[in-house]
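Written out below as structure tokens is the structure these notes cover.
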Amino acid sequence: MDRPNGFKFVGTRPDRPDGMDKVTGRAKFGADATAPGMLHAAIVRSPHAHAKILKIDSTKAEAMKEVKAVVTRADFAEGLTGENWNILENVMAGDKALYDGHAVAAVAATTPLAARDAAKLIAVEYEVLPHVTDVDKAMAEGAPVIREGAADKSVPDGLHANVVRYHESGHGDVEAGFAEADLVVEESFKTEATHQGYIEPHACLGQLGSDGKGELWCCTQGHFIVQKTCAALIGIEASQLRVTASEIGGGFGGKTTVFIEPVALALSRKANRPVKLVMSRSEVFRATGPTSSTSMDVKIGMTRDGTITAGEGVFRLQGGAFPGAPADLTAMCAFAPYALKNVKQTGYDVMSNRPKQAAYRAPGSPMAAFAVESVIDELCKKLDLDPVEVRLKNASKEGTKSSFGPRFDRIGLVETLEAAKAHPHYSAPLEPGQGRGLSCGFWFNHGGETSVSLSLSEDGTVALSVGTPDIGGSRASMCLMVAEELGIPYENVRTTIADTATLGYNDVSHGSRVTYASGLAAIKAARDVVNKLCARAANKWGIDKEAVIWEDGCAKPAGPNAGDFEPLPLARIARTMGRTGGPISGHFEATPEGAGMSFATHIVDAEVDGETGQTKVTRYTVVQDAGKAIHPSYVEGQFQGGAAQGIGWALNEEYIYGEDGRLQNAVFLDYRIPVASDLPMIDTVIVEVPNPGHPYGVRGVGETSICPPLAAIANAVSDAAGVRLTELPMSPPRILDALERQAHG
Amino acid sequence: MQYHTPGSFEDAIAIASFAEGVTRFLAGGTDVLVQLRADIVTPDNLIDVKHIDGVTKIEREDSGWRIGIAVSGAEMSEHPDLHNEWPGIVEAMDLVGSTQIQGRATLTGNLCNGSPAADSVPAMIAAGVSVSVAGPNGTRKVAVEDIPVAPGRTSLEKGELISAVHIPARGSDGADAYLRFIPRTEMDIAVVGCGVNLRRDGKTITEARVSLGAVAPTALLVEEAAEAIIGTALDDAALETLAAAASAACNPIDDKRGTIKFRKHVAGVLARRTAKIAYERAGASI
Amino acid sequence: MSMVHVTATVNDDEVEFLCDPRETLLDVLRDRLGLTGAKEGCGTGDCGACSVTVDGRLVCSCLMLGAEAEGKSIATVEGIADGENLHPLQEKFIEHAALQCGICTPGILVATKALLEKNPDPTETEVRYWLAGNLCRCTGYDKIIRAVMDTASDLRKAS
């Protein structure tokens, strides 16, 4: 960290710059845009989990006078390969519908109702094929093959064709490690797929003229990737498509790819009019990217004093009808919190007749933690050891060789465990019927391609342009960091999410990277501006540029010239910049690689109704290393949001498929995310172990917060119910069944 | 879709009698509009009954109550006398959906939607509520339990609609209660619902009605469950018999909201818990 | 398709519109009146992002037809502030960081304003149950509940 004198702005809690827009209804989200002559689109989707598409007849729809265009797969680019082909196949089915909800055609009409009516008139003839939606069944002998030849070279011989990627990592000798243990616990676990559950359905407004030039407005976590992918899918040059990111109503990883955007553009190209396309909630559930469902086996050995001697895990992930389930990340995260001599993890990426999975907050890590931390909890119970002490004893630290290979840089797991131990929650007495659970969690965090620009205005304010959509208040953090560097008031910095034609490439807002990477870039761009400001002052004073320093928002003569001239505030230099050399801007482009890895420890109390199996979370504390909290309120918000999503995942959220392979709960009524009355206040402790890879020590905070909850809640429920729960969600029928199995021995 | 706003029941009946295709009545719309948006049912004729005189009133009737067919759940909850006399019915209705849903949803709509899981229906059955059914051939009074005939279907004939809900007089030493089981604390459809209405003499229960929802194609009036507690002081043995009778009466399905086994078990648990609340509300203590 | 003619009041302004009988009040507000503050998160009354009040009663505008608005007085998030002065709830939501993405915020503000008008001194539990039909996926509700309780407390002191 390179601000030894502390911070003036960073760490304060000013109002967010977009607050006014968002409390007044003025903020423009994906579905809030309009364009003259705009059409509305609707998508025809497969009602079958797996079916050959024999014929698509749109005659009746096209006979409606309101209908202006119909598109099918034939209206998209040909000859794509790799992930672009996968995405296109997912956006619009080719020969086969691969899951319930798979898009097969789309129509644009003059009103939303006409578009919906027309979609119903498009007749699709299918030949229904056998399907599979469960991960274990999908890799078993005889399972229907989703697509021959989808597996890559990593997959060992002899596995089902639905196993498309394979991962293995670790070190030491696990068998030798288990032999050293006083107790070895081995358990199998399953988790169901969950959805990010953002409240804003995907929405976009696209225009593609016959001149091949396009404009797209959409809610996305990354408009640059949308630009690149859409251009490829509709067969134009990326530079010909300008994409603007709207305000985004939640993403959590689910808005890092495209679903409807290429369809709107293809329809627009055909109709030669702007086309708006907004998903319904059921389309969001059926046809965007939920998480993988998993099947996992974890085996851990421990000595009586709590030393883990070996850990081994097998992680099978079903990621829908395409390769890409994060089996590798799941495996790599599983044992990351612990310094193990012997560790081995294996991951299987398995295809099934479900929608193509997408990222959801630390993809894979929450499931891995559920399995591993449950087994550690079981070991602690059986060996009568304190769960915090055991974790402290085995915790990864700076220099530890991680379970996935590299040695850790400075990390803060021990600090979160110490803070959890010291927190009053950990020692508070429990009411009868309640149980307490604890878990650690890990996420890598990401840097990614980043560019920003910062321009000075004559009135002494500055405008920062970033290319990372603000998904949780990041504009406030950007403004704070720039204010800190320049020494000007927070209010004098305005941060805008620039479109793809205005700024260099930016990776998606994912990997908890925005405050880290765009923040780092903003700081460097501000320093670039400071250099230029100092040069102007040096020029004015007739001294060397090196003899000017920037302090408290002013250029000051330093060294031999110290005190020779009155300090020049930023506003004074700005006012005259037109006459002293022209406009002043700073910029920074890089792919920063020092995103500090992040750990958290969560403590949960839960109460289980033994007669109905209902669980109530009664107390929740999140302790997480943020490196440095730029705007603590929004750091706490990330901690609380991750915990709440984890509570939903642990207790009630799940994709429910029927025997027919159709999704049965594609509405919020039956896809049960936590409501306000389900949750307690969520206490937070921000631990700050600075990340050496960021000028202020920032680590990403968005994702790690969802890693511990599944396990922490499972451990609390198991403590309360007196029986180990190994399947998520821990729905009331599952808990009652577990209680019954235990009662019958 | 044609949208109609008749000003009288006669007009509503006339429109419904001669309408072709699918006809739906619109009161609170919290089911009709969901079905419309989800493309489950798009009626050819939608008859908005809120412009008919008297449909938004809660009135005394023979020491009981007459509830207009467009009275919202929120209006029932805000009515102190109704709530005091029939907390089971009012709370059951209040469990339907969110605060926003309560601003629109009605008892009649909850009944006519024909869902086996409708919260207000077991509460109304337990309370002995009846409805007036108006149609081309005049008006008849029908017990609530005789309205639903199958999931999504009612006994109403073409051209008929419910014109009022009649809640009997509370009388002394009696009370009702309704509980449901859902996985969350709010916003779910009942996995099991149970309504109990009883009267006591001293500590002894003299009258009782027990109704279960979401455990059969229609809400059930379970006489064996009532018999299990009549003549008792709701002692542990009576509660156990009650629970067993409730579980035995269930004829549920396995679905996304619950399993057969779970529903049968929880029906017994809820019957016990609901009966205790009604008993205590009636002024007795266990 | 015959359109329905409707006259109503929205945020104290008289409005007149034609709509298809299948259009919801939410469709009308957003597509015909240009008031995009109310959001469609689900279209089935499960998320509350489209909350408005109709004659003072809190409802989901996705579960009411535009045609039903005839003669009604409708209030949306756009009408909560008094000119340039934010409503205390709006100020407290910003101060408490009670929003992250902000998509649920309009509905939650409309809903909590209705709550505080009915019950100026709600308990935490009452606030949580009142808002059970307003889904927020970002915040875990913690800061929302705090902002509402703090506003209620300030409003009580002021009155």
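Letters A, B, ... are given to chains in the order of the sequence lines, protein chains preceding strands, and every chain is numbered from 1. Basis for what follows: all heavy atoms, side chains included, without hydrogens, waters or symmetry-related copies.
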Enter the distance from Ile52(B):CD1 to Ser8(B):OG here, rounded to the nearest 0.5 Å. 6.5 Å
Checking side-chain polar atoms at under 3.5 Å, does His96(C) have a donor or acceptor matched by the opposite partner on Asp150(C)? yes
Just to verify, which of Leu46(B), Asn45(B), Asp44(B) counts as forming a side-chain contact (heavy atoms from CB on, under 4.5 Å) with Val22(B)? Asp44(B)
Val52(C): which of Ser61(C), Cys60(C), Pro106(C), Cys62(C) passes side-chain contact (heavy atoms from CB on, under 4.5 Å): Ser61(C)
Which bit of Glu78(B) comes within less than 4.5 Å of chain C, counting heavy atoms only: side chain, backbone, both or neither? side chain
Using non-hydrogen atoms only, which part of Thr5(B) is less than 4.5 Å away from chain C: side chain, backbone, both, or neither? neither
For chain B, find which of Thr44(C), Asn134(C), Val59(C), Leu115(C) contributes the most heavy-atom pairs closer than 4.5 angstrom. Val59(C)
If only side-chain N and O atoms count, and only distance matters, is there a donor-acceptor pair under 3.5 Å linking Glu16(C) with Thr7(C)? no
Among Arg37(B), Arg104(B), Gln102(B), residue most engaged with chain C (heavy-atom pairs, under 4.5 Å): Arg104(B)
Residue Glu70(C) versus chain B: region with a heavy atom under 4.5 Å: neither
Heavy-atom pair count under 4.5 Å with chain C, highest-scoring of Ser72(B), Gly28(B), Ala74(B), Gly97(B): Ala74(B)
Examine whether an atom of Glu23(C) lies under 4.5 Å from a heavy atom of chain B, and if so say whether it belongs to the side chain, the backbone or both; otherwise answer neither. neither
Asp154(C) and Thr151(C): side chain donor to acceptor below 3.5 Å: no
